Amino acid sequence: MSNSAPSSRAAVFLAFSLVWFSSHVLTAGHPDYADALAKSLLFFQGQRSGRLPPDQAVKWRSNSAMSDGSAANVDLTGGYYDGGNNVKFNFPMAFTATMLSWSIIEYGGRMDGRVHDARAAVRWATDYLLKSAKATPGKLYVGVGDADADHRCWERPEDMDTPRDVYAVSASAPGSDVAGETAAALAAASVVFRAADRAYSRRLLAAARDVMAFAWQHQGKYSDHVGGGVGNYYPSHSGYKDELLWGCAWLLWATKNSSYLNDLISLGANDDLDVFSWDNKLAGARVLLSRRALLDGDERLEPFTRQAEEFICHILPNSSSPSSTTAYTPGGLMHRPGNVNMQYVASASFLLTTYAKYMAASRRRAFSCQNSRPVTHRNLRALAKRQVDYVLGDNPLGMSYMVGYGARYPQRIHHRASSMPSVAAHPAHIGCQEGYRSYLNAPGPNPNVHTGAVVGGPDENDAFPDDRVDYARSEPVTYTNAPLVGCLAYFAGSYKN
Ligand SMILES: *[C@@H]1O[C@H](CO)[C@@H](O)[C@H](O)[C@H]1NC(C)=O
Ligand SMILES: *[C@@H]1O[C@H](CO)[C@@H](O)[C@H](O)[C@H]1NC(C)=O
């Protein structure tokens, strides 16, 4: 670069403007991340199944599915509904618990008073996952509720009268995908509760070890064995090697037992990819393992660091990375075709802030994507912040995609309990078909504001119809909020009001 006077004046001016701009943004222009964090956690209360506790703050929900498990003479009450329906799908529920746990492990120190709520959100899932793992020796329960029958009804969970069949995997009908994810969830949660509740943490870890051994010894895909639509709604398209890697990575963290390290290296799970989701955990496992490589100097894990960076090179915008494979809307939101785009935005943003954190704490100053300009931890944080800010309303429509946050947010989310009057407001039973006629297809806003629910989000052109029937854009899911909790805590700690 030339050092002539005019260009250095320009550089000083530019630097001055940037400082002004960023300090302006720091003090006034950024979203209220702490408020969004509190709301993102409240969302999980609205998704609760089973008997609600006395401190339940979301009052438009009541007890539901109180005899779940009775079809197999076991207690499988509790856990979460994944989105706007009334089925308990353990596969995405376990992923939710893993990501909530990871959020607390990395960012719990930035949650202030909210860490208690965050742990409660994990525990609501892990209490249920423990039942699923322990209720019947030799079986892992993987879901409750006939998903096809449930999707033919628009009913409040409290009124639900569709069959509550239970589904399980076993040695003769294996499911290493759901078992690997369940082991990951239990192991990650055991780290969360290590100081807060030592006895609970030990129970979680013991169950995690058993479930991981089962996943490893009896390999298969649960959707090949499990009926009732449960395996069809959430089949692991990516197979189960990614969950075996992820489960071993979490058990390695929780136990420090190097047999999990040997196992995970032996998997040779090397697919190149640009997505991290309830289906495919490879990118998450790579970032998680890179922590050990970058911070503890474990050289056997170096290949995972490289793969984590390749993933990031795929999700960066094409202006910063020649190997980008990720589209962005004109307003700057990452966009994948298909349903519930915000899940990918939230999980990718979590990996960006987390990898940035590991880089900043290690000597990894920068990496490059096929000879791109060096990518630093600051670049990763800036991209994650752009995504989170978009979710919270910094977008062409000025629309917050988190219900109850900001001045404008979705009014007609695709969610049975939110779209129908509460049992307190309307005690009489509302039947399956009446729900469709009177509530799903009603034009007005939902009667119950599902505070903190983050919907699927806008289309590839930043447009959002706010249409209850449009589940791809209007349904909130637990596995969007779970990684978002971590990002919000991270930014809440960096930009205090
Ligand atoms: C490590 O894990 C393996 C496999 O689960 C187990 O066989 C072994 O006993 C464990 N080692 C220790 C020291 O706990
Ligand atoms: C870069 O990304 C933008 C936005 O997603 C897209 O419109 C453009 O075609 C891409 N350019 C290249 C060279 O891929």
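Just so you know, ligand 1 is whichever comes first in the structure, and atom 1 is the first atom listed for that ligand. All values reported here derive from a predicted model rather than from experimental measurement. Count residues from 1 along the sequence.
Within a 4.0 Å radius of atom 9 (O) of ligand 2, the protein contributes no heavy atom.
Numbered from 1 in the order shown, with element, the atoms of ligand 2 that lie under 4.0 Å from a heavy atom of Tyr328 read 4 (C), 5 (O). Within ligand 1, counting atoms from 1 as listed, the ones closer than 4.0 Å to a heavy atom of Tyr260 are 5 (O). Counting the atoms of ligand 2 from 1 in the order shown, those under 4.0 Å from a heavy atom of Asn318 are 1 (C), 2 (O), 3 (C), 8 (C), 10 (C), 11 (N), 12 (C), 14 (O).
Ranking protein heavy atoms by distance to atom 2 (O) of ligand 1, first place goes to Asn257 ND2, 2.3 Å. From the protein, the heavy atom lying nearest to atom 4 (C) of ligand 1 is Ser259 OG, 3.4 Å.
Side-chain contact of Ser362 with Arg291: a donor-acceptor pair under 3.5 Å is absent, judged by distance alone.
For the pair Thr326 and ligand 2, the shortest N or O to N or O distance does not fall below 3.5 Å.
For the pairing with Tyr141, the side-chain contact (heavy atoms from CB on, under 4.5 Å) check across Asp68, Thr182, Val169, Thr136 returns one residue only, Thr136. Tested against Tyr355 for a side chain to side chain donor-acceptor pair (under 3.5 Å), the candidates Glu309, Arg286, His377 yield a single pass: Glu309.
Between atom CD of residue Glu299 and atom CZ of residue Arg292 there is a gap of 13.0 Å, rounded to the nearest 0.5 Å.
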Practice item. Step by step, work out the salt bridge (charged side-chain N to carboxylate O under 4.0 Å, His left out) result for Lys385 and Asp389. Key: CA-CA 6 Å; Lys385 183 174 186 303; Asp389 289 4; 2.7 Å; yes
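Using cut-offs of 30° and 60° on the angle between ring planes, the pair Phe276 and Phe95 is perpendicular.
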